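Residue numbering restarts at 1 for every chain, and letters A, B, ... go by the order of the sequence lines. Remember, predicted model here, so these are calculated numbers, not experimental data. As a basis for the values below, the full set of heavy atoms in this structure was taken, side chains included, without hydrogen atoms, waters or symmetry mates.
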Amino acid sequence: MPELPEVETIKNTLKRFVIDKTITDVSVFWPNIIKQPDDIDHFKHLLTEQSIRDIHRRGKFLLFELDDAVLVSHLRMEGKYSVHPSAEPLKKHTHVIFKFNNGEELRYNDVRKFGTMHLFKKGDERNNKPLNQLGPDPFDEAFTLDYFYQKLKKTDRVIKSVLLDQAVVAGLGNIYVDETLFKAHIHPLKKANKLKKREAKAIWEAAIHTLKEAVAQGGTTIRSYVNSQGDMGMFQQELFVYGHENEPCKTCGNPVVKMKVGGRGTHVCVSCQKMK
DNA sequence: TTGGGTGTTGAGTA
DNA sequence: ATACTCAACACCCA
């Protein structure tokens, strides 16, 4: 589910409920979610008596900064965090619970159980998988047009696949890649190394602009996404092509086509987005 | 009823 | 290097 704007919104809404709360107990009902450390009891031990000092985002990852540790969490398709009184009944698909010292608890809910958690000693998280595989954040100074254009020039893949590659730029997913390419007037099947610098610039600007706008709207709710206060996003109203197959393109009126690119459903206006 | 599709990403295979 | 299939899992819908 969540791409950068949704994770950013979750971070912002979750913060106010968990900052300076101390974890007194941890329950794990689906151990496969915990990727590190291997031993679940060790995972619990390392978190117990730790307080959450801050939450950060890196690409699509949430980083819970504790006193001595950092919990790196990826929501994959359907992961959600929310805070509840301990007495409140559990929703279906709650898999991990971090009990606090104030009668509340942070709950991780994930219908498809695809999400992951990696726990590190503070400072180790950046030098290890999964974070050390990531390219720059789209909003980071390191994500310059020159960096982006160099990456495009040296790969033979189609542009959509490159934009989905988190090692190139961290945070874009299927929705925002389709929207970015529509705004840049570039066909998703165009080879990255065939793009001119002005086309690279159009994509680069469209990606940053689209993500910023989506953050401002609290993300995109297609099926199930809600932030940590339970609110839906609003950016679905701003989508041009994603989810609009067979509807008239908002720019030219020709029907939006849905195709497969790199195994992912892909929405394109073949009139506005030229292969050239 | 059932097969195909879903906002993700890793592994394994040519 | 790249592309493709499959896997993880639950649910929705034509």
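Spacing between atom CG of A:L172 and atom P of B:dT9 amounts to 10 Å, rounded to whole angstrom units. In this structure, the CG atom of A:D165 is 10 Å from the P atom of B:dG10, given to the nearest Å. The separation between A:I33 atom CD1 and B:dG10 atom C1' is 16 Å, rounded to whole Å. The distance between atom CG of A:L163 and atom C1' of B:dT9, rounded to the nearest whole Å, is 17 Å.
Aromatic pair A:Y108/A:H95: centroids not less than 6.0 angstrom apart.
Partner of A:L119 under the side-chain contact (heavy atoms from CB on, under 4.5 Å) criterion, out of A:I34, A:L71, A:V70: A:L71 alone. Only one option out of A:D20, A:L106, A:D25, A:T22 pairs with A:F100 in a side-chain contact (heavy atoms from CB on, under 4.5 Å); it is A:L106.
The side chain of A:M77 lies closest to B:dT8 when the candidates are B:dT8, B:dA11, B:dG5.
Within the shown strands, nothing qualifies as a pairing partner of C:dC9 under the Watson-Crick or G-U definition with both distances less than 3.5 Å.
With rounding to the nearest 0.5 angstrom, the CG atom of A:L145 is 12.0 Å from the CZ atom of A:R198. To the nearest 0.5 Å, atoms CD (A:Q229) and CD1 (A:I10) are separated by 11.5 Å. Put simply, CG on A:L181 and SG on A:C272 are 13.0 Å apart, with the number rounded to the nearest 0.5 Å. To the nearest 0.5 Å, atoms NZ (A:K121) and CG (A:D68) are separated by 10.0 Å.
For the P atoms, the distance from C:dA7 to B:dG4 is 14 Å, rounded to whole Å. The same atom, P, is picked in C:dC6 and in B:dG3; the two are 15 Å apart, to the nearest Å.
With no hydrogens or angles considered, a side-chain donor-acceptor pair links A:K99 and A:S86 at under 3.5 Å.
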Inset, instruction - Let me have a per-nucleotide readout for nucleotides 1-7 of chain C, 5' to 3', with B, S or -, counting only protein heavy atoms under 4.0 Å. - result: -SS----
Legend entry - Base versus backbone protein contacts along nucleotides 8-14 of chain C [heavy-atom cut-off under 4.0 Å; B, S, -]: BBBS---
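Relative orientation of the A:F240 and A:F182 rings is parallel, given thresholds of 30° and 60° on the angle between their planes.
Within the 4.0 Å cut-off from OP1 or OP2 of B:dT8, not a single side-chain nitrogen or oxygen of A:H74 is found.
In this structure, A:K35 reaches neither bases nor backbone, as no heavy-atom distance under 4.0 Å exists between it and the strands shown.
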